[in-house]
Structure formats: C-alpha cells, structure tokens
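On a predicted model such as this, the values are computed, not experimentally measured, just so you know. Start at 1 with the first residue, then count along the sequence.
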Amino acid sequence: MRKIVYTTLLVFFFISSKIAAQYQPKNLSQADLNKAQQWVDKTYSSLSQDEKLGQLFIVALYTNKDENHINQVRNIVVNDKIGGLILMQDDAAREINLVNEFQQKSKVPLMIGMDAEWGLYQRIAAAHKFPWAMTLGAIQDKDLIYQMASKIAEDCKRMGINWDFAPVVDVNTNPNNPIIGNRSFGSEVNNVINSALSYSNGLQDNNILAAIKHFPGHGDTSTDSHLDLPVVSHNIDRLNTVELAPFKALMNKGIGGVMVAHLYVPSLESGKGIPASVSKNIITGLLKEKLGFKGLIITDALNMGAVANKYNPGELDALAFKAGNDIMLFSQGVAEGKKLIQKAIDNGEIPQSRVEESVKKILLTKYFLGLSQYTPKNPENVNYDLNNTSHQKLVQNLYANALTLLKDEKKLLPLNCKGTYYYVPLEEAPYQTFANQLNLGTTVIVKKASEINTIPANSTVIVGFHKDNSTAYKPYKISAESKKILADLAKNQNVILNVFGSAYALKDIDLAKVSTVLVSYENNDDSMKATADALNGKTKISGRLPVLVNDNLKPGIGMDLNTSIKN
C-alpha cells in the first residue's frame with residue numbers, strides 16, 4: 001500500500017486564538033505557511049460579525065428543483081454570506097454556472113462540497129459510477145482505492161468541488177442496517193481503517209478535502225437517520241474497540257474533516273435522546289478534547305428526520321454550534337441560526353472565541369484548498385469529462401479485484417473456452433451484459449427459470465443472482481423462488497453461483513451442494529464485464545469477504561484464482 005507521510009502539523013497563532021491546521025498540502029515552505037497566516041489574518045479582520053457567522057453554514061443547491069429554489073439559494077449566498085454549498089442533483093453544467101456566479105458574488109470564496117462516496121454519480125447521473133465502499137473493502141491492494149479516490153478528486157476539481165464528504169468509516173456489524181450497509185468498507189475494523197486511509201489520501205493528496213463519517217459510528221443501527229433517531233446502545237468498551245476505533249486511528253493522519261451523525265449514544269451522552277450532532281459531551285468533550293481532533297467538524301445534514309422534525313428553523317444550528325461543530329450542513333434556517341448564535345454569545349452562553357476558532361479553521365482550510373484565488377470552471381463537455389473510457393477502465397479493474405471466490409470444490413473455474421455452459425439469471429435486475437461478455441470467451445446458453453428442466457443432467461450451470469442496485473439502499477435478500485431453483489439445480493448439475501449484489505444475500509442460502517460461489521457485490525455493466533472476464537480466465541480473482549455473513553462465511557475468507565484460459 002502506498003505510504004503517505006504527512007507534513008508535521010504546525011500550530012499557528014492567529015490574533016488571540018491558537019489554530020491548528022488538520023489538513024494542509026504537502027511540502028509547504030515556511031514562506032507558504034506565512035502567506036496562509038497572512039491571508040487568514042487579513043480576511044478574518046475584514047469580516048463583520050454577521051459575515052463571520054455566515055462562514056459557519058453550508059446550504060444545499062439542487063438543479064433538479066425550480067427557479068424559486070435557485071433564487072432562494074442565490075439570496076442566501078448574497079444576503080446571509082454563507083461559507084459554502086453542498087451540490088445535490090443533477091445537472092453538472094448548470095451547477096458549474098451557478099457556482100461560478102455565486103463565487104463571484106461572495107466576499108469570501110465558498111467551499112463547495114458534495115456527497116461523492118462512489119464518485120460524482122452519487123449526485124450527477126451523467127457521471128460514471130465508482131464501486132460502493134463494501135465492494136472496495138473486498139479489494140486486497142488498497143492502492144487501487146487510492147487510485148479511485150484520486151480520480152474522484154479529478155472529477156471534483158472539474159466541477160469546482162473542494163470537499164468530498166467521504167469516506168464512510170462506520171464498521172457495518174449489522175446486516176440489517178438500512179442506511180450504511182453498502183456504504184461501509186465492512187465489518188472488520190482494520191480493513192475499514194486501511195481502506196478509508198487510502199481513500200482519504202487519494203482525495204487529499206490531490207487537494208480535495210476528505211471527511212470521515214459518521215462520528216461516533218453508525219454501523220450497528222437498524223433505523224434510518226433520515227427518518228428517525230437511531231440508538232447505539234453499546235457500552236464504552238465496545239464503542240472504543242469497534243465504532244470509535246476507525247476515527248481514533250485516522251484522526252492523526254491529516255484528514256481534514258469529521259462529520260457527526262444524528263445518533264443517540266447513551267454511553268457517551270447522559271442527556272436522554274440528545275443526538276451526537278448536538279451533544280457537547282460527544283463533540284467538544286470526546287472528539288475535540290479527549291481525541292484531540294483539530295480539523296473541521298461538520299454536522300450531518302440538518303434536514304434529516306432524526307433531528308429536523310424536532311426543532312424550529314435555526315434552533316438546531318445554534319445547538320450544533322454550541323456543542324462544538326464548526327459547520328452546520330444543509331441548514332434549513334441560516335438567518336434564524338445566526339440570530340440565535342449571536343443571542344447565545346450576547347448572553348454569555350457561547351464565547352466569541354468559539355466563532356474565531358471555527359471561522360479561522362474554515363478560512364485556513366479554504367486557503368489550503370486554493371480558494372483564495374478562485375478560477376471559474378468551464379461547463380463545456382463536463383458530462384464527457386466525468387464519464388469516459390478512463391473511468392470505465394479504472395472501475396472495471398476495481399470490480400475485478402473485488403471479485404471474491406468463496407469456494408470452488410470441483411475446480412470449475414476458469415471456464416473452458418471450448419466448453420458449453422448454461423446460464424440461469426435470477427432475481428429482478430438486468431443480466432444481459434454478463435451473458436454477452438461470457439459468450440466472448442466460451443459458449444453460454446441462457447435458460448429462463450422456467451426452462452431449467454431442459455438442461456441436460458451433469459451440465460455446468462452458472463446461476464446469477466442479479467439484484468437491483470439502482471441505489472445503495474435496495475434490499476439484498478433472495479426470494480424463496482430463487483432459492484428453490486438453486487437447490488433444484490444443485491441436485492444434478494455442477495453449479496457456479498454468482499452473486500451480483502451484497503454478500504449479505506448469502507446469509508440464509510444453503511451452499512452445501514453448490515460447487516462454486518463467487519461474489520461480485522454489485523449489478524451493473526462494469527461489474528458484469530469484469531466478472532465475465534475473470535470467469536473466462538482473463539483476469540485473476542483475489543478478493544476477500546469484507547463482512548461477517550454467517551457462521552460459515554466470515555470476514556477475510558476467499559480464494560485466489562490466477563489467470564489461465566482452459567483449452
């Protein structure tokens with residue numbers, strides 16, 4: 001794995017408060033650091049109190065909403081002088097034009113963020129989709145994750161984005177987790193740490209800020225925090241060894257941001273029902289003071305049902321800032337939030353030094369990200385730039401390296417190029433790309449589920465579980481009908497089972513009579529092409545299971561299969 005050595009973090013003294021730069025580009029000279037200090041000093045002193053408070057807020061910009069929404073954001077940028085935007089769906093060229101306009105209208109350059117865990121495709125449908133974290137967790141060469149994140153950073157720069165709100169470092173120990181699941185690198189702490197470090201370094205080495213999330217750990221929840229407040233009820237020892245472990249391991253690696261979740265964690269917060277995102281005990285007491293994190297602390301989106309339904313506009317923002325957050329993300333009430341924060345300052349509930357601390361951290365990060373001199377982006381050909389053969393080649397290599405061979409008892413792989421195979425696609429999602437690509441290396445006859453009785457006995461039959469992967473949150477469970485068809489085929493056929501979906505799909509599948517089992521993790525054209533090439537012996541198989549599926553399928557299992565085409 002590529003070893004990243006970060007420049008020793010320096011402590012700057014700006015006016016009266018001590019500010020540490022958690023993220024800074026490599027190889028900065030003392031002259032560069034002096035320039036950074038001078039810019040922050042000058043910019044901070046030029047801001048009114050209202051402008052300083054504006055830096056604490058990031059609001060959402062959607063291009064799939066009407067002009068009324070665009071005008072609302074335009075007014076917030078101009079009147080409330082906010083610190084940044086989070087780009088949402090869906091028109092890349094329109095977003096570039098609007099960001100160019102808003103940057104020109106802002107006294108302090110805006111920090112532009114996006115949820116781009118699996119690339120800009122997460123928000124921009126025309127962009128190329130990169131693998132989900134669960135897929136990446138199966139990859140053994142973590143340098144490939146670094147390469148992926150570097151490419152995502154390139155795409156971010158093309159759009160004028162400075163901050164990718166990624167990677168997720170939640171340890172997914174709950175197969176029924178409705179919101180993390182595929183977004184986690186897996187159920188093993190060390191794999192999560194190593195994968196997340198490669199991802200973060202790939203972003204930050206290319207001057208795009210990372211944000212590890214969702215502190216203090218969203219991996220063992222069964223409630224979607226977009227809808228209601230999840231509870232993490234583990235004791236301190238368990239939290240330290242699992243949920244908090246990736247955050248503690250990564251915080252001294254120069255990673256620039258931590259995103260705080262809307263979770264209720266009774267072991268860390270004694271106040272009943274207080275979410276981590278507004279808990280002073282968790283943010284200031286644990287994250288800042290005990291763990292010593294010096295970077296930017298940002299809330300998870302404040303429009304999420306876990307918190308938004310319980311407060312009036314602005315109240316949540318004031319509580320979040322008071323708890324220790326630097327930035328309120330997806331604010332639903334900037335003007336009201338600023339008034340309430342100022343009221344708390346006037347009442348002595350929040351010291352002015354807190355504003356100075358947060359704003360200077362924000363300004364310093366903006367400087368290091370190159371925002372002191374904003375260059376407008378050109379929207380022309382942006383969709384091609386975000387989705388071309390360079391993306392496709394990298395992504396197919398990632399899927400190839402994730403492919404995990406769990407068993408191959410009869411040595412059915414790789415396929416014999418002179419042989420004849422039957423293919424039975426099951427479940428609800430498209431499969432034709434896989435069938436077509438397989439046929440480039442050998443003869444494959446597609447049979448519907450209703451036609452399996454026409455397959456000669458003792459044939460080799462490839463069964464594909466093709467799950468709907470149109471979002472990361474689709475159910476992975478296999479239908480009773482598909483389980484029965486697999487069992488019937490295994491009675492008198494040599495079966496190769498290929499799961500184009502989450503490895504959790506195998507949780508309650510009887511594999512005793514299935515000779516060969518592979519997991520491809522996702523169902524899309526890139527994963528299907530990569531899998532077919534591996535089955536045809538063109539690429540090696542080397543992935544390892546990233547999650548605990550059941551007592552027989554534990555993290556780390558998997559077999560290597562070298563390239564070799566059977567004649």
Side-chain angles (χ1 to χ4, degrees), residues 1-2 118-119 121 128-152 182 185-186 191 194-195 198-199 202 387-408 412-415 417 421 423 429-442 444 462 464-467 469 496-503 516-547 556-566:
M1 190 179 105
R2 187 181 303 242
W118 46 93
Y121 176 84
H128 201 94
K129 183 195 173 301
F130 289 89
W132 295 327
M134 190 72 78
T135 309
L136 301 175
I139 295 174
Q140 297 307 289
D141 180 2
K142 300 305 180 185
D143 188 59
L144 294 173
I145 301 175
Y146 181 96
Q147 292 175 30
M148 181 190 107
S150 298
K151 188 67 173 177
I152 292 173
N182 286 311
F185 293 111
N191 188 29
N194 293 333
S195 300
S198 291
Y199 191 118
N387 190 349
N388 53 54
T389 53
S390 68
H391 295 82
Q392 187 180 69
K393 183 178 178 182
L394 172 59
V395 168
Q396 287 183 21
N397 190 39
L398 291 163
Y399 282 120
N401 277 270
L403 186 65
T404 303
L405 180 59
L406 298 179
K407 59 188 294 196
D408 188 21
L412 300 181
L413 296 181
L415 304 180
C417 65
Y421 297 86
Y423 182 59
Y431 65 88
Q432 199 60 51
T433 296
F434 181 58
N436 293 344
Q437 193 77 13
L438 271 180
N439 262 312
L440 297 178
T442 190
V444 177
I462 303 166
F465 285 166
H466 290 270
K467 297 302 298 178
N469 286 168
I496 299 170
L497 174 62
N498 207 134
V499 181
F500 290 94
S502 170
T516 304
V517 181
L518 298 98
V519 183
S520 297
Y521 298 98
E522 299 181 44
N523 194 81
N524 56 53
D525 285 349
D526 286 327
S527 68
M528 287 190 274
K529 288 176 182 176
T531 302
D533 283 349
L535 294 186
N536 282 325
K538 295 179 182 177
T539 56
K540 65 184 176 69
I541 295 174
S542 60
R544 295 293 184 267
L545 199 63
V547 289
I557 73 166
M559 304 165 56
D560 286 351
L561 187 71
N562 292 322
T563 55
S564 103
I565 298 175
K566 290 182 183 176

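For the residue pair Q437/D533, the side-chain donor-acceptor check at 3.5 Å is satisfied. Residues N388 and Q392 have side chains that never bring a donor and an acceptor to within less than 3.5 angstrom of each other. D525 and T433 form a side-chain donor-acceptor contact under 3.5 Å, judged by distance and modelled atom types alone. Between the side chains of D526 and H128, a donor-acceptor pair is found at a separation under 3.5 Å. For the 3.5 Å distance criterion, the side chains of Y399 and N524 qualify, holding a donor opposite an acceptor.
Separating the CG atom in L405 from the CG atom in L413 is a distance of 6.0 Å, to the nearest 0.5 Å. Atoms CG and CG, from L440 and N536 in turn, are 7.5 Å apart once rounded to the nearest 0.5 Å.
In this structure a side-chain-to-backbone donor-acceptor pair under 3.5 Å is present from N439 to V444. Checking side-chain atoms of N401 against main-chain N and O of D141 turns up no donor-acceptor pair under 3.5 Å. For N469 (side chain) and G501 (main-chain N/O), no donor-acceptor pair under 3.5 Å exists by modelled atom type. The backbone N or O of Y146 lies less than 3.5 Å from a partner atom in the side chain of S150, making a donor-acceptor pair. T539 contributes no side-chain N or O that, together with a main-chain N or O of A400, makes up a donor-acceptor pair within less than 3.5 Å.
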Please determine whether ring-ring contact (aromatic ring centres under 6.0 Å, His included) holds for the pair F465 and F500, giving the CA-CA distance in whole Å, both sets of side-chain angles, and the decisive distance to 0.1 Å. CA-CA 6 Å; F465 285 166; F500 290 94; 10.0 Å; no
Walk me through it: do L394 and Q147 pass the test side-chain contact (heavy atoms from CB on, under 4.5 Å)? CA-CA 8 Å; L394 172 59; Q147 292 175 30; 4.2 Å; yes
Show your reasoning for whether side-chain hydrogen bond (donor to acceptor under 3.5 Å, both in side chains) applies to S520 and S527. CA-CA 7 Å; S520 297; S527 68; over 6 Å; no
List the steps, then state whether side-chain hydrogen bond (donor to acceptor under 3.5 Å, both in side chains) holds for S195 with K142. CA-CA 6 Å; S195 300; K142 300 305 180 185; 2.9 Å; yes
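Between M148 and L398 there is a side-chain heavy-atom pair separated by less than 4.5 Å. Y521 is listed as a side-chain neighbour of T404, based on a closest heavy-atom distance under 4.5 Å. Looking at I152 and W118, their side chains never come closer than 4.5 Å, going by heavy atoms from C-beta outward. Between F130 and H391 there is a side-chain heavy-atom pair separated by less than 4.5 Å.
Note: Y423 and H466 have perpendicular aromatic rings, judged against thresholds of 30 and 60 degrees for the angle between ring planes.
Exactly one of L535, L406, D408, L497 qualifies for a side chain to side chain contact (heavy atoms under 4.5 Å, CB included) with L518. That residue is L535.
Of all the heavy atoms in L415 and T442, the pair that sits closest is CD1-CG2, 3.9 Å.
Using a 4.0 Å cut-off between charged nitrogen and carboxylate oxygen, D560 and R544 count as a salt-bridge pair. By the 4.0 Å N-to-carboxylate-O rule, K467 lies too far from E522 to be salt-bridged with it.
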